[in-house]
Amino acid sequence: MVMRLAPGPSGPLHLGHSRMAILNDAYCKATKGTLLLRLEDTDPDRVMLEAFEWIAQDLQWLGVTIHTTVVQSDRFDLYYAHARRLLEVGAAYVSTAPEEVWRDAKLHNRPLPERHEAPHAQLERFDKMLGGAYHDGEAVLVIKTDLADPNPALRDWAAMRISTSPHPRTKDRYLVYPLMNLAVALDDHLLGLTHVLRGKDHLNNTYRQRWVFDALGWSVPHYIHYGRVRIDGPELSTSTMAAGIADGTYSGWDDVRLGTLRAMEARGIEPAALRRYWVEAGVNEVDVVLSWPTLYAFNKELIDDRSDRFCFTPDPRTVRIEGVEGPLERSSPLHPSHPERGERRSTLHPHGGVVEVLIAGADWDPLPNGALVRLKDMCNLTKVDGTTATFAGVPMPTGGRRPQILQWVEPIGALPLQVRRPEGPVDAGMVEAAAGAAAGGVVQLERYGFVRLQPTSAERPTQLHGAFAHR
RNA sequence: GCUCCCGUAGUGUAGACCGGCCAAUCAUCUCGGCCUUUCAAGCCGAAGACUCGGGUUCGAAUCCCGGCGGGAGCACCA
């Protein structure tokens, strides 16, 4: 099998692209086939130079194996040669009618006079196009189909147009640009594609492209179309993302509020989770909605075992514990299933019988005065009021109901942490000192969720920020 | 408006080509229980679907027709 990935290099890859990439890659790997990356940069106004590199990186992160990469802007001479061939065999014509006139004619099943002219006249106009005799929009190469086709989307379609916009790669070398349907049809044959697996938004394009194959006497590859994916939540529009990054709304292409693959990576979403998700979804032509809970469940299965645990107290209260007679010791495993990995230890020394701890406001505030609770892995206390508690012993109370167990953080050495959530909000709080050593990796903040931690800056390594993955 | 595609639990998915083994699979979600010094993980259990109506047939999720619903396209974007 020879298959291809054909993104337009207008930005980094996002969740929607990941399905196309993973599915094609999965089929190629399963059949020991060949996978091509074909960058479709035939619209000079929508090409972002950096995207060529980004796409390669994103695919590598996804674990997609690319055997060959081709760039369509390197192949214009090839397209011109085949356009000539199409004109010679009468499968195409050059129209110099205004766009609206041409469109209106085909909508009413009416041919324009130029459509009937002989190949030599068409080629003459085509050479004038290439020679710069026309300006943007003044001439276009059109593939002849059936003007009586009941499907209006399938009647004569534009295949090459004129654009004087400079192309980021080829600058002003070309004036005549192939449109997607022509370039794709030609390349799919010239590159030896056997199977084309793409979204069903290309369904009509498949019918259009068939006219080129037939005119040139080529046999068509096997087409498979999968349904549309609705992805709720993150921003996916390249132009909106770019604007947001430019005006500071987003921190970059990996901002957790975006749907880019770099954002997924920043959050600690594993490529293997995405792969499993799309492979299980398969190539059904039904439209689907991306299920975040399912994706997160797959991801959790991958990262749970290797993510060390730490306590995080968002929006913390400082609570004075009175009546403490000696130092309080605490030790908690880095991972409850892997005691061999070591422990996080603290020793809290009382001053005048008082020890201070941090407790999340959402945990502490709702507690009624007089409530008996336990600080996880350390001691019991009774709430007196909003800022004070009394020490109530070290051992876990036996008999009766087990007290509520709270996460807490020792104030001395605690690190400030800001966690950015994909939905937008930022949770600011304090995380236990030991988490500093995990910066750069994914941790589980107990009862809060999985977060990738990063030092906020090189100058301030003790201040952290985090990207929230999921619970 | 025209054309094409699709319709199995909340979300996805298997089964449909070659009707019966489907009182419909698996995953996720939800809800119980066990375990647990995380409301995590793990273990056990429960609930939850063939879009509707006709037809063919001894028998239809599966074949046929129609309705309804959803999506895509009708770009000199990809």
Side-chain angles (χ1 to χ4, degrees), chain A residues 6-10 39-47 72 95 97-100 102-103 106-107 109 134 136-142 149-155 157-163 176-184 198-208 225-230 232 238 276-282 284-298 300-301 303-305 307 309-312 330 332-333 335-337 363 373-380 395-397 402-407 444-450 470-471:
Chain A
S10 55
L39 293 146
E40 307 207 323
D41 58 341
T42 53
D43 182 351
D45 292 320
R46 296 179 24 158
V47 174
Q72 289 190 319
S95 167
E99 189 181 340
E100 313 73 52
W102 171 76
R103 192 182 5 242
K106 70 171 184 168
L107 237 31
N109 314 83
Y134 302 107
D136 294 37
E138 288 182 353
V140 62
L141 178 83
V142 178
D149 195 302
N151 185 348
L154 266 31
R155 298 174 202 149
W157 48 271
M160 279 191 173
R161 60 160 175 167
I162 293 168
S163 175
V176 178
Y177 285 79
L179 269 337
M180 179 262 190
N181 276 302
L182 208 230
V184 163
R198 55 188 354 181
K200 76 175 187 186
D201 41 321
H202 287 290
L203 234 26
N204 279 329
N205 290 327
T206 298
Y207 294 121
R208 290 195 185 108
H225 296 95
Y226 54 80
R228 297 270 298 181
V229 187
R230 202 180 87 205
D232 293 331
T238 304
R276 178 176 168 200
Y277 188 88
W278 291 128
V279 168
E280 285 195 11
N284 204 316
E285 223 173 281
V286 181
D287 300 321
V288 299
V289 181
L290 178 99
S291 167
W292 292 103
T294 302
L295 211 214
Y296 291 160
F298 292 171
K300 180 153 47 182
E301 207 168 287
I303 65 174
D304 185 52
D305 198 63
S307 301
R309 269 56 170 170
F310 298 99
C311 279
F312 172 54
R330 161 265 190 166
S332 313
H335 193 295
S337 308
D363 282 341
V373 295
R374 181 168 176 80
L375 298 186
K376 183 166 184 285
D377 297 323
M378 190 165 72
C379 69
N380 313 314
M396 180 71 143
R402 204 172 70 176
Q404 186 183 343
I405 293 164
L406 298 183
Q407 316 298 126
Q444 189 206 58
L445 301 178
E446 291 182 350
R447 271 179 56 209
Y448 178 79
F450 291 88
H470 49 75
R471 286 212 53 148

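So you know, we letter chains A, B, ... as the sequences are listed, proteins then strands, and number each from 1. Hydrogens, waters and symmetry mates are skipped; everything else that's a heavy atom, side chains included, is used.
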J.: B:C5 C1' sits how many Å from A:His225 NE2, rounded?
T.: 10 Å
J.: Is there a side-chain contact between A:Asn204 and the phosphate of B:C5, meaning an N or O under 4.0 Å from OP1 or OP2?
T.: no
J.: Take A:Arg447 and A:Ile405 through the test side-chain contact (heavy atoms from CB on, under 4.5 Å) and record every step on the way to the result.
T.: CA-CA 11 Å; A:Arg447 271 179 56 209; A:Ile405 293 164; over 6 Å; no
J.: Walk along nucleotides 36-46 of chain B from 5' to 3' and tag each nucleotide B, S or - by protein heavy-atom contact under 4.0 Å, base first, then sugar-phosphate.
T.: -BBBBS-----
J.: Counting only side-chain heavy atoms from C-beta out, which of B:U13, B:C76, B:G70 sits nearest to A:Lys200?
T.: B:G70
J.: Looking across every strand, which nucleic acid part, if any, lies under 4.0 Å from A:Ala183 by heavy atom: base, sugar-phosphate, or nothing?
T.: nothing
J.: Looking at A:Arg103, I'd like to know whether one of its side-chain N or O atoms comes within less than 4.0 Å of OP1 or OP2 on B:A75.
T.: yes
J.: For a quick check of understanding: with a heavy-atom distance under 4.0 Å over all strands, which category does A:Thr42 fall into, base, sugar-phosphate or nothing?
T.: sugar-phosphate
J.: Among the candidates B:C76, B:G12, B:C5, find the nucleotide nearest to the side-chain atoms of A:Leu179.
T.: B:C76
J.: Mind checking if A:Trp102 touches a base, just sugar-phosphate, or nothing, with heavy atoms under 4.0 Å?
T.: sugar-phosphate
J.: Strictly below 4.0 Å, N to O, side chains only: are A:Asp43 and A:Arg161 in salt-bridge contact?
T.: yes
J.: Just to be sure I understand the rule, does A:Asp305 reach a base, reach only the sugar-phosphate, or reach nothing, if contact means heavy atoms closer than 4.0 Å?
T.: nothing
J.: Heavy atoms under 4.0 Å, any strand shown: does A:Arg330 hit a base, just sugar-phosphate, or nothing?
T.: nothing
J.: What is the separation between atom CZ on A:Arg155 and atom C1' on B:G73, rounded to the nearest whole Å?
T.: 13 Å
J.: When the nearest nucleotide of RNA chain B is assigned to A:Glu280 and to A:Asp136 on a heavy-atom basis, which residue is associated with the more 5' position?
T.: A:Glu280
J.: So what does A:Arg228 hit on the nucleic acid, given a heavy-atom distance under 4.0 Å: a base, only sugar-phosphate, or nothing?
T.: sugar-phosphate
J.: May I have the distance from A:Asn205 (atom CG) to B:A75 (atom C1'), rounded to whole angstrom?
T.: 11 Å
J.: Looking at the side chain of A:Ser291, which of B:U11, B:C29, B:C4 is the nearest nucleotide?
T.: B:U11
J.: Counting any heavy atom closer than 4.0 Å, what does A:Leu107 reach on the DNA or RNA strands: base, sugar-phosphate only, or nothing?
T.: sugar-phosphate
J.: Tell me what A:Gly137 touches on the nucleic acid: a base, only sugar-phosphate, or nothing, going by heavy atoms under 4.0 Å.
T.: base
J.: Between B:C5, B:A78, B:C77, spot the one nearest the side chain of A:Glu285, thanks.
T.: B:C5
J.: Any stems for RNA chain B, made of 3 or more Watson-Crick or G-U pairs in a row, each with both distances under 3.5 Å?
T.: B:1-7 with B:68-74, B:10-12 with B:26-28, B:30-34 with B:42-46, B:51-55 with B:63-67
J.: Nearest to the A:Thr294 side chain among B:C77, B:U11, B:C5, which nucleotide is it?
T.: B:U11
J.: What's the shortest heavy-atom distance between A:Thr42 and A:Ala183, and which atoms?
T.: CG2-CB, 4.3 Å
J.: In terms of side-chain heavy atoms of A:Asn151, which of B:C74, B:U13, B:G73 is nearest?
T.: B:G73
J.: Separation of A:Arg276 atom CZ from B:A27 atom P, in whole Å?
T.: 9 Å
